[in-house]
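These notes concern the structure reproduced below.
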Amino acid sequence: MAKDSSWLWSRDPVKGGKGQGESALIVRTDAALSINPNAKWPPESLTELDRWLLWNDRALEGKIQEAIARSNDTVAILAIRASNGLFLCRASVPVAYHTKELLDTRRGSLVKTLTRIGSKISVERINSAPADSDYVFGRNLHGSSNLTDKRILLIGCGTIGGFLAQQLAQCGAGSGKGELTLVDPDLLYPANLGRHLLGAPHLYENKASACAEFISLQLPPLNIRPVPDYAESVEIGPGRYDLVIDATGEEALSIALNHRAVRGRPASPPILFVWLEGNGAVAKSVLTGNPNHACLKCLKPRLAQAPHHRTLKSEEKVVVERNAACGDGAYIPFPVSRSVGAAAMACDHVVDWANDVQGHRFRSRTFDNAKAYSIPDGSPEPSTDCPACRQLDP
């Protein structure tokens with residue numbers, strides 16, 4: 001059952017997704033519905049159901065007949081919201097009474113007729129499960145707000161971005177009045193299958209479009225918009241997005257996005273950058289947008305120097321491989337677990353942002369202690385030698 005539109009209707013096993021659903025009469029009672037020890041349980045006919053309802057609360061007597069009388073169908077559901085839970089049952093008008101006169105012209109007289117033949121009308125107890133968006137996307141967040149109504153732009157649907165897109169969706173991104181926009185110009189190749197959200201059914205498809213299709217199939221109510229193009233084609237102006245996420249790991253693009261955001265402050269949306277260093281030895285994320293805290297470039301003002309928050313050990317070199325015989329370009333090998341770990345860290349960062357948690361804006365997770373140091377999270381201040389922030393100095 002859902003408070004909002006029934007996005008699970010296409011998967012309804014009763015009607016196989018056909019039609020517009022079944023009518024339900026919803027009633028409330030302050031009573032706690034319980035089993036009558038002196039009567040048959042569960043009720044199998046309308047007469048037995050009436051007796052049980054009467055035993056619990058006199059006001060409930062005849063409600064299933066009323067549900068059928070109000071329905072435009074031959075089937076109706078009675079939903080009783082009691083103090084101790086929700087009880088649902090379904091009853092059908094016997095085939096012998098499927099006449100136009102009774103069902104249309106004299107629908108109101110059905111109540112008396114059905115009561116008179118109640119012992120011949122079977123009643124089916126049905127089960128329900130909450131399926132509204134608030135419940136589905138909020139039940140696992142332990143009181144935190146989900147990402148409903150947020151407009152989020154995710155740039156990069158690769159090894160980190162694909163998993164991050166799914167995790168954001170499972171936290172409610174794209175629900176309500178929100179939108180989850182996915183941007184990536186690349187196609188999914190066989191070489192990607194070992195550490196990507198998507199599998200063989202999406203080979204040679206655009207990653208952004210395929211991720212949107214895959215997630216929408218799993219979570220139909222979400223508004224997910226794919227942009228199978230380069231990030232430069234997307235307008236990131238004031239008021240368009242609440243949050244921008246760069247999961248490309250492409251340093252040049254990230255620097256360009258950071259520069260645009262710094263120049264556009266305070267109107268520009270905040271940007272969360274997430275990336276892996278080394279051969280997946282450590283994951284890092286930084287939330288920018290506040291001039292009182294470091295931007296992305298503040299973490300490494302000069303390309304030729306080490307970052308301010310160094311994690312890779314000095315003797316460690318990044319291994320780059322290339323399988324020329326297979327037509328592969330150069331790539332950095334690391335296991336899929338590192339991609340998932342980086343995406344999970346970023347997802348936590350986004351949920352904290354949505355809940356206005358004043359936590360650490362710079363975060364890291366070390367996966368390989370032999371190759372990288374573990375450093376504490378924090379919220380560093382702007383660097384005095386940052387070329388992006390310095391341009392704004394008076």
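In this chain, numbering begins with 1 at the start of the sequence shown.
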Taking the basic N atoms (NZ, or NE/NH1/NH2) and the acidic carboxylate oxygens, is any pair closer than 4.0 Å for [X] and [Y]?
X    : Y    : value
D242 : R151 : yes
D385 : R302 : yes
E66  : K63  : yes

Write down the atom of [X], the atom of [Y], and the distance for their closest heavy-atom approach.
X    : Y    : value
A210 : L198 : CB-CD1, 3.4 Å
C298 : P301 : O-CD, 3.6 Å
L46  : V123 : N-CG2, 3.4 Å
A231 : L253 : CB-CD1, 4.1 Å
P43  : W52  : CG-CB, 4.1 Å
A67  : L25  : CB-CB, 3.6 Å

Under 3.5 Å: donor-acceptor pair, side chain of [X], backbone of [Y]:
X    : Y    : result
R310 : L312 : yes
S83  : A31  : yes
N146 : T148 : yes
T366 : Y373 : yes
S233 : D229 : no
N84  : L33  : yes
E250 : A252 : no
N206 : D184 : yes
N223 : G174 : no
H196 : C157 : yes

Should [X] and [Y] count as side-chain neighbours, where that means a heavy-atom distance under 4.5 Å?
X    : Y    : result
V286 : W275 : yes
F367 : L276 : yes
E277 : K284 : yes
S92  : V75  : yes
C389 : S383 : no
I80  : L86  : no
V320 : Y331 : no
E251 : S254 : no

May I ask you to check whether over 12 heavy atoms, not counting those of [X], lie within 6.0 Å of atom [atom1]?
X    : atom1 : result
K120 : NZ    : no
R225 : CZ    : yes
N292 : CG    : yes

For this session: Apply the test side-chain contact (heavy atoms from CB on, under 4.5 Å) to residues L203 and L193: give CA-CA distance (whole Å), side-chain angles for both, the deciding distance (0.1 Å), then the verdict.
Result: CA-CA 9 Å; L203 279 174; L193 297 182; 4.0 Å; yes
Exercise. So, N140 and Q170: side-chain donor and acceptor under 3.5 Å apart, yes or no?
Worked result: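 Their side chains do not contain a donor-acceptor pair, so the 3.5 Å distance test is not met.
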For this session: Please check if any side-chain donor atom of E44 sits under 3.5 Å from a side-chain acceptor atom of S122, or the reverse.
Result: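 Their side chains do not contain a donor-acceptor pair, so the 3.5 Å distance test is not met.
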Exercise. What residues join L303 in its hydrophobic cluster, counting side-chain heavy atom gaps under 4.5 Å, either direct or through other members?
Worked result: I255
Exercise. In terms of ring plane angle, is the pair Y204 and Y189 parallel, tilted or perpendicular, where the classes change at 30° and 60°?
Worked result: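 Aromatic pair Y204/Y189 classed perpendicular.
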Atom [atom1] of [X] and atom [atom2] of [Y]: how far apart are they, to the nearest 0.5 Å?
X    : Y    : atom1 : atom2 : answer
D246 : I160 : CG    : CD1   : 9.5 Å
C211 : F163 : SG    : CZ    : 9.5 Å
F334 : D368 : CZ    : CG    : 13.0 Å
C386 : H308 : SG    : NE2   : 8.5 Å
L53  : L78  : CG    : CG    : 6.5 Å
S34  : N36  : OG    : CG    : 8.0 Å

Seminar exercise, completed: The salt bridge (charged side-chain N to carboxylate O under 4.0 Å, His left out) partners of D57 (sequence neighbours excluded) come to none
For this session: Go through the steps to decide whether S285 and H349 satisfy the test side-chain hydrogen bond (donor to acceptor under 3.5 Å, both in side chains), and finish with yes or no.
Result: CA-CA 8 Å; S285 67; H349 214 153; 2.9 Å; yes
For this session: Report the C-alpha separation of R240 and E179 in whole Å, then their side-chain angles, then the decisive distance to 0.1 Å, and conclude whether the salt bridge (Lys or Arg N to Asp or Glu O under 4.0 Å) test is met.
Result: CA-CA 10 Å; R240 181 65 183 88; E179 180 182 78; 3.4 Å; yes
Exercise. So among R361, R363, R365, which one has a side-chain hydrogen bond (donor to acceptor under 3.5 Å, both in side chains) with D377?
Worked result: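 Answer to the side-chain hydrogen bond (donor to acceptor under 3.5 Å, both in side chains) test with D377 among R361, R363, R365: R365.
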